[in-house]
Amino acid sequence: MMRDLPQAASAALLLEWYDRHHRDLPWRVPPAAARKGAVADPYRVWLSEVMLQQTTVQAVKAYFEKFLALWPTVGDLAAADTEDVMKAWAGLGYYARARNLKKCAEAVARDHGGRFPDSEEGLKALPGIGDYTAAAIAAIAFNRASAVLDGNVERVISRLHAVETPLPAAKPEMRALVQALTPADRPGDFAQAMMDLGATICTPKRPACSLCPIPTDCRALKTADPETFPRKAAKKEKPLRLGAAFVAVDGLEAVYLRKRPETGLLGGMTEVPGTDWTSRRDGDTSIDAHPFPAEWEPCGTVNHVFTHFELHLSVFRARVGRADVGEARTGTSGWWEPLASLRAQALPTVMKKAIAKAIPHAFEAG
DNA sequence: AAGTCGTGGTT
DNA sequence: TAACCAAGACT
């Protein structure tokens, strides 16, 4: 029988561990509640999974609650103003996720009668839903035995089987191994159990193997140093880019802001005027690149690390009369935003840093 | 298919 | 502290 295979035994042991040690998270239906008939809401599962892409649980919690309060259903989100969605997402990073989130909600409302597709294939056809997220929603919200493979599961499965192939080439191999391990019963809890195991026991560094519920079949534990899995290619070092940002304040304590292009880095988000960010060390970062004439004074430098480069941003500040601001040099139209409402804008973290450097009290309560 | 795309916490 | 990397998707 299936249950006598080592794989089935591991899945069962893992589910038993999950019943006792699962993390309580706002978007989850705990095992005990599920046993009483509680069912996961696909909207909540989808929203949490998109937010959790490359993002820590801790960072997601507050955003998840905020989005749910603002838009309780996928229909509400579909009907929302995109700019409001970008404002609510500001600070969470990877802003293409927010744009795709909105597009996905619209597609679900328009093409699927307000209900998420219940198959992996149907889900993956939606914006912002890739291999992982489609499998996760299918398993957690629709009880499908799909192979859920994220960074946690890659670590767990690569250690269980001592996979020598480096990532990302090893993904198909790992997905097949996960598929073979996934039980027909409780596939959603199994997926979440694998991720909890990876997050709390089978950690990247110093894994707590003595607390692992499935140590018996772990090849990495027997034959090698578990910490060396998964194998990965060495990373490239991040180049340094330089730039300048200009914080203009008018007599009414308002800051001049503008909107970035819809695509690319920080696409569709709000910024203060500035130079391009380049590797050059000459005039491009100088005060001479200001957006309009004023007595610009240097406020210091903001350092910020993006995914593929590091930025040293020179910040300048000036008192500027609104009449002195011409559109000719800015290239795009902007607006004056009062300090009191600055926090509610779609400002990415790097821009909040720059503004705070020029106006230390800019984001204080009030 | 390798590069692009944020941010913050941990070690 | 500098490196690592977190429930990846898209081009």
Side-chain angles (χ1 to χ4, degrees), chain A residues 22-23 25-28 44-64 86 89-101 103-104 123-141 146-156 167-169 171-172 175 178 188 190-200 202-207 227 230 232-241 260-269 271 277 302-311 346-353:
Chain A
H22 65 85
R23 291 177 290 175
L25 302 172
W27 46 85
R28 265 189 186 169
R44 295 168 60 103
V45 174
W46 164 71
L47 181 60
S48 66
E49 289 301 341
V50 173
M51 287 183 167
L52 286 162
Q53 290 165 4
Q54 293 292 286
T55 308
T56 57
V57 165
Q58 182 56 33
V60 164
K61 283 180 180 173
Y63 284 86
F64 177 78
M86 301 310 287
W89 195 277
L92 198 55
Y94 285 135
Y95 298 100
R97 289 185 297 171
R99 298 193 296 271
N100 285 330
L101 190 81
K103 289 179 190 167
C104 183
L123 288 161
K124 204 187 160 184
L126 293 166
I129 299 184
D131 288 335
Y132 161 75
T133 305
I137 298 173
I140 298 169
S146 48
V148 176
L149 185 65
D150 78 322
N152 288 306
V153 180
E154 285 172 358
R155 192 164 53 251
V156 171
L167 285 168
K171 273 195 163 189
R175 185 169 291 106
V178 173
F190 173 78
Q192 295 179 94
M194 287 285 278
M195 294 189 276
D196 275 18
L197 186 69
T200 64
C202 198
T203 49
K205 294 174 183 174
R206 299 177 61 85
E227 192 172 306
K232 286 183 182 178
K235 293 188 175 178
K236 291 172 54 179
E237 69 175 90
K238 298 178 196 244
L240 175 63
R241 294 188 192 176
R260 292 176 63 88
E262 290 299 326
T263 58
L265 185 71
L266 307 177
M269 299 298 284
E271 67 173 3
W277 301 338
V302 162
N303 296 335
H304 193 77
V305 180
F306 290 94
T307 305
H308 54 291
F309 66 92
E310 179 178 351
L311 175 68
L347 288 165
T349 297
V350 64
M351 289 300 156
K352 288 186 176 174
K353 282 182 175 179

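So you know, we letter chains A, B, ... as the sequences are listed, proteins then strands, and number each from 1.
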Respond yes when some side-chain nitrogen or oxygen of [X] is under 4.0 Å from OP1 or OP2 of [N], and no when none is.
| X | N | answer |
| --- | --- | --- |
| A:H308 | B:dC5 | yes |
| A:R97 | B:dG6 | no |
| A:H304 | B:dG6 | no |
| A:Y94 | C:dC10 | no |
| A:Q53 | C:dG8 | no |
| A:T133 | C:dA9 | yes |
| A:T56 | B:dG9 | no |
| A:T55 | B:dG8 | no |

When the distance from [atom1] of [X] to [atom2] of [N] is rounded to whole Å, what number comes out?
| X | N | atom1 | atom2 | value |
| --- | --- | --- | --- | --- |
| A:K171 | B:dA1 | NZ | C1' | 13 Å |
| A:L47 | C:dG8 | CG | P | 16 Å |
| A:M51 | B:dT7 | CE | P | 15 Å |

Problem set entry | Along DNA chain B (nearest heavy atom to each residue), the more 5'-positioned of A:K205 and A:G264 | A:G264
Seminar exercise, completed: When A:Q58 and A:F309 are each assigned the nearest nucleotide of DNA chain B, the 5'-most assignment goes to A:F309
With respect to the side chain of [X], which nucleotide from [options] is positioned closest?
| X | options | answer |
| --- | --- | --- |
| A:V350 | B:dT7, C:dC5, B:dG6 | B:dT7 |
| A:K236 | B:dG3, B:dG6, C:dA9 | B:dG3 |
| A:Q54 | C:dA7, B:dC5, C:dG8 | C:dG8 |
| A:D150 | C:dA7, B:dC5, B:dT7 | C:dA7 |
| A:P204 | C:dA7, C:dC5, B:dT7 | C:dC5 |

Looking at every strand, decide which applies to [X] at a 4.0 Å heavy-atom threshold: base, sugar-phosphate, or nothing.
| X | result |
| --- | --- |
| A:W27 | base |
| A:V148 | nothing |
| A:V305 | base |
| A:G91 | sugar-phosphate |
| A:L25 | base |
| A:P168 | nothing |
| A:L92 | base |
| A:R155 | sugar-phosphate |

Exercise. How do A:I129 and A:D196 order along DNA chain C: which one's closest nucleotide is nearer the 5' end?
Worked result: A:D196
Exercise. Taking for each residue the nucleotide of DNA chain C bearing the nearest heavy atom, is the 5' side occupied by A:V57 or by A:K124?
Worked result: A:V57
Under 3.5 Å, is there a donor on one side chain and an acceptor on the other for [X] and [Y]?
| X | Y | answer |
| --- | --- | --- |
| A:N100 | A:R97 | no |
| A:K353 | A:H304 | yes |
| A:E49 | A:Y132 | yes |

Exercise. About how many Å separate NZ of A:K61 and CE of A:M51, when rounded to the nearest 0.5 Å?
Worked result: 14.0 Å
Exercise. Taking atom C1' in both B:dG3 and C:dA7, what distance in whole Å separates the two?
Worked result: 23 Å
Exercise. How about A:F306 and A:W277: are their ring centroids closer than 6.0 Å?
Worked result: yes
Problem set entry | Aromatic centroids of A:Y63 and A:W89 separated by under 6.0 Å | no
Problem set entry | CD/A:E237: more than 12 non-hydrogen atoms of other groups inside 6.0 Å | no
